*Asks:* 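Mind looking over this structure? Questions follow.
None of these values were measured; they are calculated from a predicted model. If you read the sequence from its start, that first residue is 1, and numbering goes on from there.
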Amino acid sequence: MFIYNANVRIFVKNIAMRLFIITLFLLPVIAVAQDHYALIHKADSFFQRKDYAMAVKLADEFFTTDSSCDGCAYDAATYNAWVGNKQKAIEYLRKAFYYGYGAGRLDLETDFVSLHNEPEWPALVQMGKDSYDGKLENLPTIAGKAARKKYMAWQKDWETNNMASFKDIDTNGTAAAVYKKLVAFNNYKPFTAIGRCLFLYYRANDSVQIPYLVVLPSAQYNPAKKYPLLVVLHGAVGMAGTRPPYYIDSAGAIQSFHRHFNKYAALHEMVTIYPVATKQYNWMAPDDGFGETPAIINYLKHLMNIDDNSVYITGHSNGATGSFSYLMKAPSLFAAFSGMNTRPRVETGGTFLPNALNRSFYAIATDKDYYFPPNGNDTLNKLAHDMGIDWTVDMHNGFPHWFPQFDAADAPVGKMFDMMLVKKRNPFHTNIYWECDDTTHGSCDWLQITALDTMQQPASWHKQYNFAIHPWISNENPDSILDITKQAFNYPRRSGAVNATYDSNVFTLETSCVKNIRVLISPPMVNLSKPVIVVINGKTVFNKKLDYNKTFMLENFVQNFDRVAIWVNYIDL
């Protein structure tokens, strides 16, 4: 999500995972704002009312107690430029760029026209661009380089000494015996971390390495204990970069905008992942980076004792949209999905809403949200319930899109955790509906669509779901209503779908626009001493006994390192 303000926010590139700073600049006068940024909130409200002198006074007061807020410094520069304090405006701009604020085209920002004739102006324009491009030796890049060197060395050592693999398992003997060893595998090793926050790198390819955070439970990590895992996706992926936050090695990494998530993750002793998006590799668009989060989870499962059935995903804004997208396209790793200020829409196309039948979604929403207005939430909530989807909308009035910034978000997030943690993944559930328009995302638990035939006529039950949303809310002024109508979803490609169930060794499948299917088999699903029967569209297409396929089982385990969803054989149809 790119938050746009025509006055001062046109060419902004901030540090990934610091959406809380970006959103500070757009706050209207909302009485419920009771957080520690109240002074800068007030300053902005006075600026919007053109009381520039009061805005300057409050901003100066804010910086007597907090001197590291890059976006706040940029705002203070704006206030001073409007009131005519040119040198103070220049000082605040330098401060903003040093703390990590990026302005790719400062020369086009109308707020600073009064500075254009100042001798420092050309250098300021270059500083803003260098910060935007990641070339400025500012606080984030200086601290980030040091953190990168330290943590990459630690990560290499961790991999060398702690990486678990199937090589640790004795694979001699019968396949059935090996299966039991895989289920019981718990050979994880203790390690000494550099604080609670592990700053690690995801290797997207040989030339791209993307940082991410892992926050350990507040209690001492115990390698013999299985831990629930929470993934928190950040917003503003359109302006994300690969530079680490300057606070990466401190408690600040888990405070600020993500403080509510972190509080309850620590309370429930969860391992927490904060992935970082780039413009190319993210969870929305393009699809290049959609595999980042699953790959990070898989990597950590080789190093930490993660409960396979207690992996959860959430986020805010673009991060919440990412959580929803994993529900739509790749739910198999996760037990439940949630998000704050979500826009439930697959941005690459194909929001196949019935796919949500396989899991659940919990949405914390606000009625002043421009990203997905309350009427959209109401319509989707009713549609989901009519379809039998486990869908919850927790609506809060009087708050804008950046709800996590407010202290009032604490209780709703706590409730979300309570509702989320009772959900456990069951990869062997007896009913699956799965739809896709690309077999890259053709898998849900034990069912895989391996080839489509979208030239067929869709079955009567294979439907597209959509609705119009009108009106929308202005992102600059949450009290302003826009006379705009938009469709909730888009469908650029035709899809195929499967309705599948199993009971007592009999699999019954209905297909639509699908050419090939794979059914995965695991001992908790069937009695391998008896024939397995598959019926597709009323015709029996498979009827015979299956045994353990040791090679396939081990290959699958190596790929997924999942000690519950262990597939011992498959049927291609």
Side-chain angles (χ1 to χ4, degrees), residues 1-4 11-19 22-23 104 132 202 204-205 207-212 231-243 273-297 313-331 333-334 337-353 355-356 361 363 369-372 376 380 401 435-443 452 464-466 469 472 475 484 486-495:
M1 174 206 60
F2 185 83
I3 297 180
Y4 172 83
F11 297 99
V12 178
K13 177 185 178 183
N14 210 337
I15 302 167
M17 298 179 68
R18 296 199 65 189
L19 180 59
I22 297 169
T23 53
Y132 181 91
Y202 161 69
N205 53 48
S207 59
V208 177
Q209 295 184 329
I210 304 172
Y212 64 95
V231 178
V232 181
L233 303 178
H234 67 77
V237 300
M239 64 182 73
T242 58
R243 293 182 300 169
I273 304 173
Y274 293 92
V276 174
T278 72
K279 291 181 181 179
Q280 181 179 358
Y281 297 99
N282 61 71
W283 33 85
M284 286 183 59
D287 216 32
D288 302 28
F290 198 72
E292 174 186 353
T293 297
I296 290 172
I297 295 171
I313 187 165
T314 190
H316 172 258
S317 188
N318 281 181
T321 297
S323 175
F324 176 80
S325 295
Y326 283 108
L327 172 63
M328 292 291 101
K329 296 165 65 175
L333 278 174
F334 304 100
F337 302 77
S338 62
M340 299 183 72
N341 301 99
T342 312
R343 186 176 184 182
R345 170 191 174 102
V346 177
E347 291 299 328
T348 53
T351 303
F352 306 118
L353 199 58
N355 286 357
F361 196 88
D369 192 352
Y370 76 90
Y371 193 49
F372 200 66
L380 181 55
H401 178 70
E435 184 174 354
C436 66
D437 56 14
D438 179 353
T439 56
T440 303
H441 305 298
S443 299
L452 297 168
Q464 284 189 356
Y465 294 87
N466 215 337
I469 302 175
W472 289 72
N475 66 329
I484 294 174
K486 296 180 183 179
Q487 290 296 111
F489 315 129
N490 69 317
Y491 295 93
R493 296 170 297 275
R494 300 185 70 179
S495 63

*Asks:* Distance-only criterion, 3.5 Å: show the donor-acceptor pairs between side-chain atoms of residues 288-297 and protein atoms not counting sequence neighbours.
*Replies:*
{"residue": "Asp288", "atom": "OD2", "partner": "Gln280", "partner atom": "NE2", "Å": "3.2"}
{"residue": "Thr293", "atom": "OG1", "partner": "Tyr326", "partner atom": "OH", "Å": "3.4"}

*Asks:* Atom CZ of Phe361 and atom CG of Leu380: how far apart are they, to the nearest 0.5 Å?
*Replies:*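 If I round to the nearest 0.5 Å, the distance is 9.5 Å.
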
*Asks:* Would you compute the distance between atom CG of Leu353 and atom CD of Gln464 and round it to the nearest 0.5 angstrom?
*Replies:*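 Here the interatomic distance stands at 12.0 Å.
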
*Asks:* Mind checking the CE-CZ spacing from Met284 to Phe324? Nearest 0.5 Å is all I need.
*Replies:*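 So the CE of Met284 and the CZ of Phe324 are separated by 11.5 Å.
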
*Asks:* Looking at Tyr491 and Asn466, what are the two nearest heavy atoms and their distance?
*Replies:*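 Closest approach of Tyr491 to Asn466, heavy atoms only: CE1-ND2, 3.9 Å.
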
*Asks:* Between the main-chain N or O of His401 and the side-chain N or O of Asn341, is there a donor-acceptor pair closer than 3.5 Å?
*Replies:*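 Yes, the answer is positive, given that a donor and an acceptor are paired below the 3.5 Å cut-off.
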
*Asks:* Check for a donor-acceptor pair, side chain of Asp438 on one end and backbone N or O of His441 on the other, with a separation under 3.5 Å.
*Replies:*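 Here the side-chain-to-backbone pair does not exist.
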
*Asks:* Say whether, by atom type as modelled, one donor and one acceptor occur between the side chain of Thr439 and the main chain of Gly442 under 3.5 angstrom.
*Replies:*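 No: the side chain of Thr439 does not pair with the backbone of Gly442.
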
*Asks:* Given Lys329, which partner from the list Asn355, Thr440, Asp287 fulfils the side chain to side chain donor-acceptor pair (under 3.5 Å) test?
*Replies:*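 Testing Lys329 for a side chain to side chain donor-acceptor pair (under 3.5 Å) against Asn355, Thr440, Asp287 leaves exactly one candidate, Asp287.
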
*Asks:* Residues in side-chain contact (heavy atoms from CB on, under 4.5 Å) with Arg494, at least two apart?
*Replies:*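 Residues passing side-chain contact (heavy atoms from CB on, under 4.5 Å) with Arg494: Thr454, Pro458.
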
*Asks:* Under a 4.5 Å cut-off applied to non-hydrogen side-chain atoms, are Ser325 and Glu347 in contact?
*Replies:*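 Not in contact.
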
*Asks:* Hey, which of Leu233, Asn282, Ile313 is the one that makes side-chain contact (heavy atoms from CB on, under 4.5 Å) with Pro275?
*Replies:*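 For Pro275, the side-chain contact (heavy atoms from CB on, under 4.5 Å) check succeeds only for Leu233.
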
*Asks:* Nearest 0.5 Å, please: how far is OG1 in Thr348 from CG in Asp437?
*Replies:*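 That separation rounds to 7.5 Å.
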
*Asks:* Return the set of residues passing side-chain contact (heavy atoms from CB on, under 4.5 Å) with Asn490 (not counting sequence neighbours), or none when no residue passes.
*Replies:*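 side-chain contact (heavy atoms from CB on, under 4.5 Å) check on Asn490 returns Arg345, Pro492.
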
*Asks:* What distance do Tyr371 atom OH and Thr321 atom OG1 have between them, rounded to the nearest 0.5 Å?
*Replies:*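 With rounding to 0.5 Å, OH (Tyr371) is 3.0 Å from OG1 (Thr321).
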
*Asks:* Rounded to the nearest 0.5 Å, how far apart are OG1 of Thr314 and NE2 of His316?
*Replies:*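 The distance works out to 10.5 Å.
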
